[in-house]
Amino acid sequence: MKSFSKFISFMIILVLLLGIAAGCSSEKTAEGEDGDKITLRVAWWGSQDRHDKTKKVIKLFEEKNPNIKITPEFTGWDGYWEKLATAAAGKNLADVIQMDYRYLMEYVDRGLIEDLNSFVDSGALNLDDVGEAYIEGGYVDDKLYAVNLGTNALAMAYDPAMFKKAGVEPFEPGYTWEEYAEAAKKLKDQFGDGVYGVEGAKNSLVNFQYYLRQHDIELYNEDGTALGYKDDKLLVEFLNYWDELLKDDVAAPPDVTAAVQGRLEEELIVHEKAPTLWFNSNQIVALQGAAGRELKLALLPSLPEGKEGLYLKPSQFFSVSKESKHKEAAAKFIDFITNDLEANEILAAERGVPIATKVRDHLKPNVDDAAREMFDYVELAEQHSSPIYPPEPSGAGELDALFTRLAEQLNFGEFTTDEMAKTFRAEANKILAKNK
């Protein structure tokens, strides 16, 4: 009996040792040895359409790379950055994280994302087919911290059927802010209660930044330590424009727009409660899918003298976490998204116009109407764009959240436009001063 007990004890110890050895082997596999299974976590934000397509691409990647399993982590835009910040604080970032141009410098300055140049050099991440203009936004001091997932531009989606019913002509390049407001009022008058000429009071920071660019002014000063405009005149003008549309019941009130919470599927244009939506051009694919009908893209309004504020930008990036134990496999996944034709057939340019030439050439003749609209719009926007500004400084994400919070208070009547502009300047400069 004692011999049997000793045998059982021996077997238990042997199993535990084998388990430890297997764990060590698995750790080794994390560096990419063939035949060994590793797990990558990939995080992104977006619509349900993006989620569905990305998960299909993940399945395809796993089929072609059987030693790699991917755990997807996705959410809507609202809450994504808070979730990412919490993960960063807990040293629990996903291996691959979807990154935005506005937040890039913050994550670089905090040492949270990896320079990918070594993986480009090794061939794990092949960018030979990518033009410089498509990748330059991801570089900081010659280090590649982020790979562009698609090129896009600020745009306005509109419902051509609603425009036609109201007798409003589609917007042509060069139309003014005043002409946009007049069209919005006419659309509101046509459709009456419950339908608005503008989806909401679009006093958001990215749109104010567009307005500043029309005046040849940057949002930030050169070293990112303060705002780049000298007084509040332009911000007050911008806020007054939208505030008047809200007070005239042309723009949807905040209690109506609050229910959207950044979800494309809930946008008013999807439900024919507004004829326009200001957003990024790459979102037209998911938006039209959610609406189930034709939607078109138009440029944003210009100043009377025709000054443009557009620029081409990375729609979003993929970056690799500095703390990832599987960086080469993470780079391999980004390479797959960038270059694999079958993967991009599934994605259908939903994140923006692809950056690899062969992928663009392969997709454009075969994409659906929504994606073709996006391709055509980016070509149009390029003709009306000026160069993109350098990556925004650390604190840009905080400024974005600050502006949104103050704008909501303004929309609910808690501020005058002068008070909001003054408050934004004071609090924004405090945030940016930390960059000194």
Side-chain angles (χ1 to χ4, degrees), residues 39-58 61 69-114 116 138 145-150 152 204-206 257-267 279-280 282-283 286 290 313-327 329-330 333-334 337 347 350-352 391-408 431 434:
T39 298
L40 280 181
R41 293 163 55 210
V42 179
W44 70 89
W45 75 80
S47 66
Q48 189 61 48
D49 180 62
R50 177 176 298 167
H51 301 335
D52 294 342
K53 287 175 177 175
T54 305
K55 285 190 289 186
K56 287 180 182 178
V57 167
I58 285 173
F61 178 80
K69 175 178 173 52
I70 290 181
T71 301
E73 300 177 5
F74 56 88
T75 184
W77 171 266
D78 286 1
Y80 177 82
W81 297 103
E82 290 84 352
K83 183 178 179 181
L84 214 61
T86 300
K91 299 187 181 302
N92 191 36
L93 281 172
D95 299 277
V96 179
I97 53 176
Q98 193 166 284
M99 178 57 57
D100 185 77
Y101 198 67
R102 172 154 288 171
Y103 291 84
L104 179 60
M105 281 304 302
E106 179 179 340
Y107 279 73
V108 170
D109 287 346
R110 292 169 62 192
L112 294 171
I113 51 181
E114 183 74 12
L116 299 175
Y145 288 104
V147 176
N148 182 6
L149 297 177
N152 73 351
S204 68
L205 186 57
V206 68
T257 57
V260 176
Q261 295 185 339
R263 298 188 299 269
L264 278 180
E265 297 82 3
E266 301 301 325
E267 291 289 359
F279 67 163
N280 290 311
N282 66 299
Q283 295 174 290
K313 68 183 287 282
S315 62
Q316 59 251 196
F317 304 98
F318 267 151
S319 294
V320 174
S321 167
K322 190 81 170 180
E323 66 198 36
S324 172
K325 296 177 181 177
H326 318 314
K327 293 185 177 72
F333 177 72
I334 297 174
I337 294 287
L347 293 172
E350 186 276 330
R351 281 181 168 89
E392 297 179 317
S394 295
E398 290 183 68
L399 258 66
D400 191 50
L402 168 66
F403 197 95
T404 298
R405 174 172 59 82
L406 296 178
E408 286 176 355
I431 292 170
K434 292 183 290 186

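Here the structure is a predicted model, which is why all the values come from computation and not from measurement. Residue numbers count from 1 along this sequence.
Across all their heavy atoms, L84 and L93 have their closest contact at O-CD2, 3.7 Å. Scanning both residues, G397 and E106, for their nearest heavy atoms gives N-OE1, 4.3 Å. Across every non-hydrogen atom of S47 and L264, the tightest pair is CB-CD1, 4.2 Å.
Between the CZ atom in F317 and the CD atom in Q98 there is a gap of 11.0 Å [rounded to 0.5 Å]. Considering OG1 of T86 and CG of N92, their distance stands at 10.5 Å, rounded to 0.5 Å. Taking CD of E73 as the reference point, atom NZ of K83 lies at 6.0 Å (rounded to 0.5 Å). The CZ atom of F403 sits 11.5 Å away from the CD atom of E408 when rounded to the nearest 0.5 Å. A distance of 5.5 Å separates CG of L116 from CD1 of I334, quoted to the nearest 0.5 Å. Atom OG1 of T54 is separated from atom CG of D49 by 8.5 Å, given to the nearest 0.5 angstrom.
Side chain to side chain, D109 and S394 meet the donor-acceptor criterion of an N or O pair below 3.5 Å. Residues S315 and N152 have side chains that never bring a donor and an acceptor to within less than 3.5 angstrom of each other. Side-chain N/O atoms of N148 and R351 include no donor and acceptor closer than 3.5 Å.
Side-chain contact between Y107 and S319 is absent, with no heavy-atom pair separated by less than 4.5 Å. Side-chain contact between E267 and V260 is present, with at least one heavy-atom pair separated by less than 4.5 Å. Residues Q316 and N282 have side chains in contact (heavy-atom distance under 4.5 Å, counting atoms from C-beta outward). Under the 4.5 Å side-chain criterion, counting only non-hydrogen atoms from C-beta, I97 is not in contact with V320. Looking at P72 and I58, their side chains come closer than 4.5 Å, going by heavy atoms from C-beta outward. With a 4.5 Å cut-off on side-chain heavy atoms, F61 and I70 count as touching. Using a 4.5 Å heavy-atom cutoff, the side chains of L40 and T71 are not in contact. With contacts defined as side-chain heavy-atom distances shorter than 4.5 Å, the pair R102/L205 qualifies.
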Apply side chain to side chain contact (heavy atoms under 4.5 Å, CB included) to the pair V147 and I337, showing each step before the final yes or no.
CA-CA 10 Å; V147 176; I337 294 287; over 6 Å; no
Evaluate the criterion side chain to side chain contact (heavy atoms under 4.5 Å, CB included) for residue pair W77 and D100; output intermediate values, then yes/no.
CA-CA 11 Å; W77 171 266; D100 185 77; 4.1 Å; yes
Could you check K322 against I113 for side chain to side chain contact (heavy atoms under 4.5 Å, CB included), going step by step and ending with a plain yes or no?
CA-CA 4 Å; K322 190 81 170 180; I113 51 181; 5.8 Å; no
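With respect to the salt-bridge test (charged N to carboxylate O, under 4.0 angstrom), the residues E398 and K434 qualify. Of the charged side-chain nitrogens involved, none lies within less than 4.0 Å of a carboxylate oxygen, so that E350 and K53 do not count as a salt-bridged pair.
Between W81 and Y103, the two ring planes are parallel [angle under 30°; tilted spans 30° to 60°].
Without hydrogens or angle criteria, H326 side chain to D95 main chain gives no donor-acceptor distance under 3.5 Å. The closest donor-acceptor contact from the side chain of K327 to the backbone of S324 lies under 3.5 Å. A donor-acceptor contact shorter than 3.5 Å is absent between the side chain of R50 and the backbone of W44. Remark: side-chain polar atoms of E392 are not paired, donor with acceptor, to backbone N or O of Y101 under 3.5 angstrom.
A distance of 6.0 Å or more separates the ring centres of W45 and F74.
For NZ of K56, the number of neighbouring non-hydrogen atoms (other residues, nucleotides, ligands) closer than 6.0 Å is 12 at most.
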